[in-house]
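Have a look at the structure below, then the notes.
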Amino acid sequence: MKQGTLIVFEGIDGTGKSTQCGLLAKSLSEMEVPNIALAEPTRGAWGMKIRKLLSDGRQGISPQEELSWFINDRKEDIEKNIMPALKENIAVLMDRYYFSTAAYQGALGLEPDQIRLENEKFAPVPDRVLIFLTSPEKCLERIESSRDQKSAFEKLDYLKNVQKIFKSFSGPNIRFIESVGSISDVHEKVLAATDDLFDFGLKL
Ligand code: TYD
């Protein structure tokens with residue numbers, strides 16, 4: 001049974017979601033809310049297989065097979081990390097989750113809504129999903145200035161399609177965050193988009 005709060009940070013590469021995930025973890029710790037920040041793909045066996053795909057390119061691996069790797073990685077993450085923390089009433093902050101699978105593998109021609117539904121059969125549904133939006137051109141600029149090499153997933157047309165799918169998601173737990181302005185401006189937006197879950201207003 002799920003008890004802790006599950007918050008997910010989603011968006012294309014270069015939107016700054018990982019930075020914001022770390023900042024919310026810090027704010028929660030300052031307010032003495034027990035929390036853990038996790039990321040997918042993980043550092044487990046499936047996650048490492050995926051990272052090789054990112055660095056070496058897809059090399060003929062089918063979209064279905066790629067999808068199954070992300071799902072296997074997630075199942076392991078849920079069992080080993082996510083559920084145990086939630087059961088302990090620890091807030092779990094995820095840097096990517098199944099919305100990334102629906103968007104990135106959906107952009108390979110698979111059906112995004114179907115991927116989301118398949119994941120929701122085994123994955124705890126987040127209390128809040130923050131989807132960070134920035135222009136794909138700007139995201140690529142950020143990636144290029146911060147890394148030596150782009151991964152196989154970081155091509156402009158692909159990222160445009162991925163972001164289009166991210167924008168198509170709807171539901172009571174979803175919030176879109178325009179990732180523009182300073183890091184602290186965006187952090188304020190994150191706090192505003194999650195304060196009902198933690199009563200920031202009362203504690204700050
Ligand atoms: P990323 O968050 O960029 O990892 P890191 O910052 O550690 O390099 O994720 C790596 C890539 O994996 C990213 O381009 C998105 C992709 N991805 C998918 O295609 N499907 C998924 O289900 C997930 C979780 C990630």
Side-chain angles (χ1 to χ4, degrees), residues 6-25 37-59 61-78 80-82 92-126 129-134 136 138-169 177 179:
L6 177 59
I7 302 181
V8 175
F9 292 71
E10 294 280 14
I12 59 173
D13 309 76
T15 49
K17 66 182 170 38
S18 307
T19 304
Q20 293 299 331
C21 184
L23 284 178
L24 183 61
L38 300 172
E40 291 183 4
T42 70
R43 302 264 155 203
W46 285 105
M48 295 321 279
K49 211 166 141 84
I50 291 166
R51 282 175 194 284
K52 196 155 164 14
L53 184 77
L54 299 176
S55 62
D56 296 358
R58 292 192 166 98
Q59 301 184 347
I61 289 165
S62 74
Q64 272 300 343
E65 194 172 358
E66 181 173 314
L67 172 67
S68 72
W69 291 8
F70 282 103
I71 294 209
N72 290 343
D73 188 39
R74 180 157 308 119
K75 285 186 172 162
E76 210 170 82
D77 200 21
I78 290 168
K80 285 194 181 153
N81 307 311
I82 301 174
V92 175
L93 310 186
M94 297 283 312
D95 183 352
R96 297 197 184 280
Y97 197 38
Y98 61 82
F99 300 85
S100 277
T101 320
Y104 280 83
Q105 281 60 57
L108 295 179
L110 303 176
E111 186 48 57
D113 292 335
Q114 186 63 27
I115 296 176
R116 183 174 168 182
L117 286 174
E118 284 298 320
N119 273 268
E120 287 177 350
K121 287 184 187 158
F122 67 87
V125 174
V129 184
L130 306 176
I131 300 180
F132 291 79
L133 301 174
T134 317
K138 197 157 201 84
C139 289
L140 272 186
E141 262 174 45
R142 286 187 188 161
I143 295 167
E144 276 159 7
S145 63
S146 67
R147 285 190 219 161
D148 296 344
Q149 241 195 327
K150 283 189 288 178
S151 89
F153 287 32
E154 295 166 347
K155 305 254 159 55
L156 184 60
D157 285 348
Y158 182 54
L159 288 184
K160 280 185 177 168
N161 284 329
V162 173
Q163 178 150 280
K164 205 164 144 196
I165 299 174
F166 272 130
K167 283 184 173 170
S168 75
F169 293 138
I177 296 194
S179 194

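The figures that follow rest on heavy atoms only: side chains count, while hydrogens, waters and symmetry mates do not. Both ligands and their constituent atoms are indexed starting at 1 by order of listing.
Minimum heavy-atom separation, Pro41 to Asp73: CA-OD2, 3.2 Å. For the pair Lys17 and Glu10, the tightest heavy-atom approach, listed with the atom from each and the gap, is CD-C, 3.7 Å.
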N/O to N/O under 3.5 Å, ligand 1 against protein:
unit_1	atom_1	unit_2	atom_2	d
ligand 1	2 (O)	Arg96	NE	2.8
ligand 1	3 (O)	Asp13	OD2	3.2
ligand 1	7 (O)	Arg51	NH1	3.1
ligand 1	9 (O)	Arg96	NE	3.3
ligand 1	14 (O)	Asp13	OD1	3.3
ligand 1	14 (O)	Asp13	OD2	2.8
ligand 1	19 (O)	Gln105	OE1	3.4
ligand 1	19 (O)	Gln105	NE2	3.0
ligand 1	20 (N)	Gln105	OE1	2.8
ligand 1	22 (O)	Arg74	NH2	3.3
ligand 1	22 (O)	Thr101	N	3.2
ligand 1	22 (O)	Thr101	OG1	2.6

Checking Phe70 against Glu40 for the side chain to side chain contact (heavy atoms under 4.5 Å, CB included) test, could you report, in this order, the C-alpha distance in whole Å, the side-chain angles of both residues, the deciding distance, and whether it holds?
CA-CA 8 Å; Phe70 282 103; Glu40 291 183 4; over 6 Å; no
Side chain to side chain contact (heavy atoms under 4.5 Å, CB included) for Ile82 and Tyr97? Distances and angles first, verdict last.
CA-CA 11 Å; Ile82 301 174; Tyr97 197 38; 3.9 Å; yes
Apply the test side chain to side chain contact (heavy atoms under 4.5 Å, CB included) to residues Tyr104 and Leu159: give CA-CA distance (whole Å), side-chain angles for both, the deciding distance (0.1 Å), then the verdict.
CA-CA 8 Å; Tyr104 280 83; Leu159 288 184; 4.1 Å; yes
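Under the 6.0 Å distance and 45° angle rule, Arg142 does not count as a cation-pi partner of Phe132.
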